[in-house]
Amino acid sequence: QVQLVESGGGLVQAGGSLRVSCAASGRTLSSYFMAWFRQAPGKEREFVAVASWSGGGPYYAESVKGRFTVSRDNVKNMVYLQMNSLRPEDTAVYYCAASRVVAEIRSPASYDYWGQGTQVTVSS
């Protein structure tokens with residue numbers, strides 16, 4: 001079993017920056033796919049980024065490419081999402097997800113473990 005806990009969300013003005021973190025416990029992260037998703041009110045959960053792994057990555061959603069950076073620290077069992085140039089449309093609950101095997105890295109259905117989410121609100 002893997003337990004994931006996100007932190008670092010909050011309220012920020014448009015154009016600002018925020019870093020959200022995901023702490024994992026229960027297993028060593030190094031062999032897991034680690035990704036970030038987000039879900040805005042009334043919308044489906046959507047892929048944001050997946051951290052690099054031995055076979056490739058990182059990959060980003062087009063909407064965040066060039067603004068967000070995903071990273072992982074396998075020693076600390078942490079995954080981070082640095083978000084710059086934030087926009088009001090980035091407002092959502094951000095979720096950390098993990099899985100040993102992933103059929104499609106951009107699909108929420110591919111991930112077995114989820115955190116509780118952290119709210120990010122970007123004001124205009």
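Evaluation of the salt bridge (charged side-chain N to carboxylate O under 4.0 Å, His left out) rule for Glu46 yields Arg38 as partners, not counting sequence neighbours. Among residues two or more places apart in sequence or in another chain, the salt bridge (charged side-chain N to carboxylate O under 4.0 Å, His left out) test is passed with Glu62 by Lys65. Residues meeting the salt bridge (charged side-chain N to carboxylate O under 4.0 Å, His left out) test with Arg100, sequence neighbours left out: none. For Thr69, the side-chain contact (heavy atoms from CB on, under 4.5 Å) test picks out Tyr60, Gln82, with sequence neighbours left out.
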For this session: Go through the steps for Val122 and Glu89 under the test side-chain contact (heavy atoms from CB on, under 4.5 Å), then give the verdict.
Result: CA-CA 8 Å; Val122 184; Glu89 53 264 39; over 6 Å; no
Exercise. Can you list the steps and then say if Leu4 with Met34 is a side-chain contact (heavy atoms from CB on, under 4.5 Å)?
Worked result: CA-CA 10 Å; Leu4 304 173; Met34 300 298 302; 4.0 Å; yes
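In this structure a side-chain-to-backbone donor-acceptor pair under 3.5 Å is present from Arg72 to Ser52.
Taking 4.5 Å as the limit, every side-chain heavy atom of Val50 sits out of range of all side-chain heavy atoms of Val70. Taking the side chain as every heavy atom from C-beta outward, Tyr95 and Gln39 approach each other to under 4.5 Å.
Each of Val12, Leu18, Val64 was scored for a side-chain contact (heavy atoms from CB on, under 4.5 Å) with Met83, with one residue passing: Leu18.
Among residues at least two apart or in separate chains, side-chain hydrogen bond (donor to acceptor under 3.5 Å, both in side chains) pairs with a member in residues 104-114 are Ser99-Asp112.
Ring geometry for Phe47 versus Phe37: interplanar angle over 60°, hence perpendicular rather than tilted (30 to 60°).
Ring centers of Trp53 and Phe33: under 6.0 Å apart, within the cut-off.
With side-chain heavy atoms closer than 4.5 Å counting as contact, directly or through intermediates, the hydrophobic cluster containing Tyr80 also holds Met78.
Gln116 CD: more than 12 foreign heavy atoms inside a 6.0 Å radius.
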